[in-house]
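The structure appears below as structure tokens.
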Amino acid sequence: MKKSFRIFAITLLAAVMISAIGVAVVRHDNVTYSDMYDVFRKGISLGEPLFQYTLPDRTDMSGFPELTDKTYVIYQLNDFNTIETQLEYCTLEVVGGTQKDVLTVSFGCLDDDILDGAVFNTAVKDGTLYIQNECTEKKPLSSDRIKIIISIPDNYKGGYTIKADRSDVSVTNTESTMDMELSLHNCKISAENISASNITAELGNTQAEFTNISSHDGINVKASSSEIKLHGVSAQYTKGMFSSTTLNAENISGSFSCESDTSKLILDFGSVSGNINLKANKCTVNAFLPKGAPMTLRREERFSTFNNNTAITESEKNNKDTAYILETNVEFTIVTLEEK
């Protein structure tokens, strides 16, 4: 992955040299041909990534009261206010339940030789329902060999924490008045119609697709070596930090800010209802904005190219006729703004 992004960075620099000499780069930094060639000749140091995913520690459940290893369990909702999963090598489905005030969890394994070394535990402690599996011996060749289904009734409004490694995760139609936290490594996740007070996600080498995500407060996403698709994001603010990641986001509302390196960002703003701040190093950024967006542009770039194909004008002063600010600060990056 690091080698491929080094090639990406050098290719990006070559593109910047071809397209930006005498345009945005020279105007902002007085960069000369020799300056550009010197950087190109020495190459681009990738350095330390902005974000490196780290697997969270697993909770030791051995001393928990009423610890169960049953493959099918039922819990009353008044027993807990948060669900926390710690899973590996499995398929997780979080679905709507049919019984009011009752949550069910089921575990199944298709292979007897894997089942012999599979550990599955659930327990409630301090208001949290813990659901944990572990493959202590043979590891499944694919995540579909082990399936865990959590059936949650509509009247559950508690929090969610989903931690998973090498798993497929599906979450649909969940509404929480508390927070949702995701920590996923080498996973695939599909989440649709999700609402929570705050939503945070840390992703490492993960493919993620989120559809119709809303937060009362904010959404925070950090990712490395991942591919993320967002379709419909509603929050007061959305913040991101991306390393070696492809982000394709559409219908974003609320303020948006992100910091990225060696990444590709495609941002489609359904409406402008907050400031937009983009900081990027060795990236390509394409932002699509509504025609006539009430914004003022502020930008700074080094060894980069900036293409403004919108009617948004650049100004260092606040304009009483514009409500929001679009600010970019980029290095070795190609930025393109488009109207839609």
Side-chain angles (χ1 to χ4, degrees), residues 53-97 99-109 114-137 139-140 143 145-189 191 194 196-204 206:
Y53 179 88
T54 302
L55 275 170
D57 295 334
R58 293 173 68 89
T59 302
D60 182 4
M61 297 173 59
S62 58
F64 280 19
E66 299 184 14
L67 180 69
T68 177
D69 60 359
K70 297 179 180 179
T71 59
Y72 183 83
V73 290
I74 300 174
Y75 287 96
Q76 297 291 326
L77 293 189
N78 57 12
D79 290 341
F80 57 91
N81 59 25
T82 301
I83 302 167
E84 178 165 327
T85 70
Q86 300 174 12
L87 310 176
E88 64 177 20
Y89 298 98
C90 72
T91 293
L92 169 66
E93 295 182 2
V94 180
V95 299
Q99 298 181 3
K100 187 177 180 181
D101 298 327
V102 171
L103 178 145
T104 63
V105 185
S106 63
F107 171 89
C109 181
I114 296 173
L115 181 60
D116 291 340
V119 177
F120 180 70
N121 293 125
T122 63
V124 174
K125 184 179 181 181
D126 299 329
T128 298
L129 168 61
Y130 291 88
I131 303 168
Q132 187 180 98
N133 87 309
E134 186 177 7
C135 298
T136 60
E137 297 178 9
K139 311 297 184 184
S143 60
R145 312 314 294 169
I146 296 175
K147 178 173 283 190
I148 297 170
I149 300 176
I150 307 174
S151 298
I152 303 173
D154 291 340
N155 58 327
Y156 174 74
K157 305 300 179 184
Y160 296 84
T161 299
I162 299 176
K163 302 177 183 179
D165 181 28
R166 294 175 174 82
S167 298
D168 285 356
V169 178
S170 174
V171 184
T172 57
N173 302 323
T174 63
E175 181 179 356
S176 173
T177 59
M178 297 175 66
D179 296 342
M180 172 176 281
E181 300 178 10
L182 304 174
S183 180
L184 307 175
H185 178 248
N186 284 331
C187 290
K188 292 182 181 179
I189 180 172
I194 306 300
S197 181
N198 288 278
I199 299 174
T200 61
E202 292 192 356
L203 311 175
T206 288

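No experiment lies behind these values; they were computed from the predicted model shown.
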Inset, instruction - Answer yes or no: is there a side-chain heavy-atom contact under 4.5 Å between Glu88 and Lys139? - result: yes
Legend entry - Note, Cys135 side chain near Ile146 side chain (heavy atom, < 4.5 Å): yes
Legend entry - Side-chain touch Tyr130/Phe80, heavy atoms, less than 4.5 angstrom: no
Inset, instruction - Verify the neighbour count for atom CG of Asn155: are there more than 12 heavy atoms of other residues, nucleotides or ligands below 6.0 Å? - result: yes
Inset, instruction - State whether the side chain of Ser167 and the backbone N or O of Cys90 hold a donor-acceptor pair below 3.5 Å, judged by distance alone. - result: yes
Legend entry - Heavy-atom neighbours of Glu175 CD exceed 12 at 6.0 Å: no
Inset, instruction - Kindly indicate whether the side chain of Tyr160, heavy atoms from C-beta on, has any atom under 4.5 Å from the side chain of Ile152. - result: yes
Inset, instruction - Working to the nearest 0.5 Å, report the span between CD of Glu181 and CD of Glu84. - result: 8.0 Å
Inset, instruction - Answer yes or no: is there a side-chain heavy-atom contact under 4.5 Å between Val124 and Phe64? - result: no
Legend entry - Other residues, nucleotides, ligands: >12 heavy atoms within 6.0 Å of Gln99 CD: no
Legend entry - Lys157, NZ: over 12 other non-hydrogen atoms inside 6.0 angstrom: yes
Inset, instruction - Could you tell me whether the side chain of Thr104 and the main chain of Ile74 form a donor-acceptor pair under 3.5 Å? - result: no
Legend entry - Non-hydrogen side-chain atoms of Val102 and Gln76 separated by less than 4.5 Å: yes
Inset, instruction - Using a cut-off of 6.0 Å, state whether more than 12 heavy atoms not belonging to Asp116 lie near its atom CG. - result: yes
Legend entry - Residues which pass side-chain hydrogen bond (donor to acceptor under 3.5 Å, both in side chains) with Asp165, listed by chain and number, not counting sequence neighbours: His185
Legend entry - side chain to side chain donor-acceptor pair (under 3.5 Å) partners of residues 62-73, not counting sequence neighbours, each pair once: Asp60-Ser62
